[in-house]
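These notes concern the structure reproduced below.
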Number of protein chains: 2
Amino acid sequence: MISSIAELIADRIGAMPAGERRAAQTLIASYPLIGLKTVAEFSAAAGVSSPTILRFVARLGFQNYSEFQSSLQDELAAQLQSPAIRTLNPPAPAGGSASPMLEATLDNMRETFRHLSDKQLADIAARLAERRGKTFLIGGRFTDPLARYMAAHLAVIQPDVFHLAGQESMWRDRLIDMGKRDVLVIFDIRRYQDSLVRFAEKAHQRGVQIVLFTDQWLSPIARFARHVIAGRTAVPSAWDSSAALFVVAETLIGAVTLQLEADGARRIREMEGLR
Amino acid sequence: MISSIAELIADRIGAMPAGERRAAQTLIASYPLIGLKTVAEFSAAAGVSSPTILRFVARLGFQNYSEFQSSLQDELAAQLQSPAIRTLNPPAPAGGSASPMLEATLDNMRETFRHLSDKQLADIAARLAERRGKTFLIGGRFTDPLARYMAAHLAVIQPDVFHLAGQESMWRDRLIDMGKRDVLVIFDIRRYQDSLVRFAEKAHQRGVQIVLFTDQWLSPIARFARHVIAGRTAVPSAWDSSAALFVVAETLIGAVTLQLEADGARRIREMEGLR
DNA sequence: CAAAATACGTAACATACGATACAGCGCTCC
DNA sequence: GGAGCGCTGTATCGTATGTTACGTATTTTG
């Protein structure tokens, strides 16, 4: 079975005329980047004319050049997004690694943090630590526990931390307490909940700064969010995994704590005394 | 020093207007592929207009969109050519790693699963899937969200799943419903809560099978537990990490789901139909 | 060796793409 | 509360790009 364009080329390169073969070889040599550039650049790199390139992609079975490029991009996307399948060769059973679930989860975390700069985390932590206003947290059907988890920790080290629980109508009543100085932390992954989106929109209209934890496809709430954390959620299971978001949440909790300690927050010192 | 566009964005995202920030977040979320597509596609994905995308790349310092795309391609080329240096973010200065928090968490997970045999997980999953009795879940101050998370999932695929919330006196009243056929899942890490220990003991006396999620030093509840999952919790932070336990929980959820599907549970089939 | 078929490049064409001008809007700051 | 500024989207324009037609070169075959 042929799963990549590279294989497809290898399969048919024998039946190609000279010019197209040069195109094929050029593409393989720096796969797949040349294929993402323009026809003119591709043809120049291969030392042939533009039409030859087009005939080449046509011979591979594509209707036009765009379709060919889209395929390459999809392939690249699949590679970049799932590090586990990055290598063409099976990824070294290395100890026969027990759980594919665990492997996927670890990859998700690495990927999530790869797309998350230290600076971004520091910014969010600073915003949460800066105690001008209140902090609200809320989550969706399966992610609300993450909101609770974060709220439980933050509430220990600073005042005015509220987890929004219960019915939609209950949160809506809290909107009236929210303003520009406040922060709303929302967890929302597929399938995105309309109620949350509506709530986020209203909060946004009131000037509340939103920190969104979502998946890589971005909840529509991203539209209103000041900060977006996009975590990987794909695992070999019937469910999506929130583990990567969980780890980001823990990291943030740690950063906020550190920040407050550095600020010499009296609350922290008092707390130590109480232990 | 700034070596990748991703870093450049992270550096300047704070100083961007809302629309451009959405562009930035969209790009980071599926880096760098969206940036290789057309302006129209990029803008659609970000939910903004084309000019906003162009202003975004201009703000990053590029003369035009092509120059921006070329940079992305060069970056990608460098990345693809040397598979060893795959990471886009500063590739972990050998030990000093960007996020020691992440490294510690990943280690914790590997360690946790190393001490956790497949058979043990399978046994617990089987016990949870075998639907003779009820399933109760409860957690401590910071771990209760984990219990909620697990309950939220299990409740979807099987009946008689209850999360025990609220005051201690409230759970105690539920003891009367518990018997030999039932399972109680408890999350308890340092500092172990007396209330939970007392509750576990009483449940144990009633013949309830206890599945305990705890840390490597083992909560006193381990004494009464049928199954013990000991997760690593140490991280460079003021708090302990529950991430490893979280991943075990997700793994179990997946395993139970699979088991029930295999059993051909009618509920699962009906659920699919409802989607 | 001749004639036909295939391959390839040049040049003209049409489309879709990036770029720009402009107007409406919201926000901040007096 | 009003004036100014900055941000964003709509509509338009010019152009770079993919595409096609056609003529020449090259190879193949009888």
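Throughout, a chain's letter reflects where its sequence line sits, starting with A, and its residues are numbered from 1.
The CD-C1' distance, from A:E67 to D:dT19, rounds to 15 Å in whole Å. One interatomic measurement links the two molecules: CD1 of A:I53 to P of C:dT10, which rounds to 14 Å at whole-angstrom precision. Atom-to-atom, CD of A:E41 to C1' of D:dA16 comes out at 11 Å; the value is rounded to the nearest Å. Taking atom CZ of residue B:F56 and atom P of nucleotide C:dA19, one finds them 14 Å apart after rounding to whole Å. Atom pair B:R21:CZ and D:dG6:P shows a separation of 17 Å (rounding to whole Å applied). Taking atom CZ on A:F62 and atom P on D:dT19, their separation rounds to 13 Å, with Å as the unit. Whole-Å rounding puts the A:L54 CG to C:dC8 P distance at 13 Å. For the pair A:Q69 CD and D:dT19 P, the interatomic distance rounds to 9 Å; values are reported in whole Å.
Base contact: B:P51 has a heavy atom under 4.0 Å from a base atom. At the heavy-atom level, B:S49 lies under 4.0 Å from base atoms of the strands shown.
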> When you look at A:D144 and A:R148, which way does the salt bridge (Lys or Arg N to Asp or Glu O under 4.0 Å) test go after all the steps?
Replying inline: CA-CA 6 Å; A:D144 193 59; A:R148 279 179 189 272; 3.5 Å; yes
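Partner A:E168 forms a salt bridge (Lys or Arg N to Asp or Glu O under 4.0 Å) with one of A:R174, A:K202, A:R198 and no other, that one being A:R198.
For the residue pair A:H115 and A:R232, a side-chain donor N or O sits within less than 3.5 Å of a side-chain acceptor on the partner.
With D:dG18, D:dT8, D:dG9 as the candidates, the nucleotide lying closest to the side chain of A:V39 is D:dG18. Side-chain proximity of A:V48 to the nucleotides D:dT8, C:dG9, C:dC17 is greatest for C:dG9. Here C:dT28 is the nucleotide among C:dA19, C:dT28, D:dT20 with the atom lying nearest to any side-chain atom of A:K180.
The aromatic rings of B:F42 and B:Y65 lie tilted to each other, with the angle between the two planes from 30° to 60°. Note: A:H204 and A:F224 have tilted aromatic rings, judged against thresholds of 30 and 60 degrees for the angle between ring planes.
When each of B:G19 and A:K37 is assigned the nucleotide of DNA chain D with its nearest heavy atom, B:G19 is the one assigned upstream, toward the 5' end.
Between A:T52 and C:dG9 there is a side-chain N or O to OP1 or OP2 distance below 4.0 Å. At D:dA16, none of the side-chain N or O atoms of B:S66 fall inside 4.0 Å of OP1 or OP2 (strictly under the cut-off).
Judged by distance alone with a 3.5 Å cut-off, a donor-acceptor contact links the side chain of B:R55 to the base of D:dG9.
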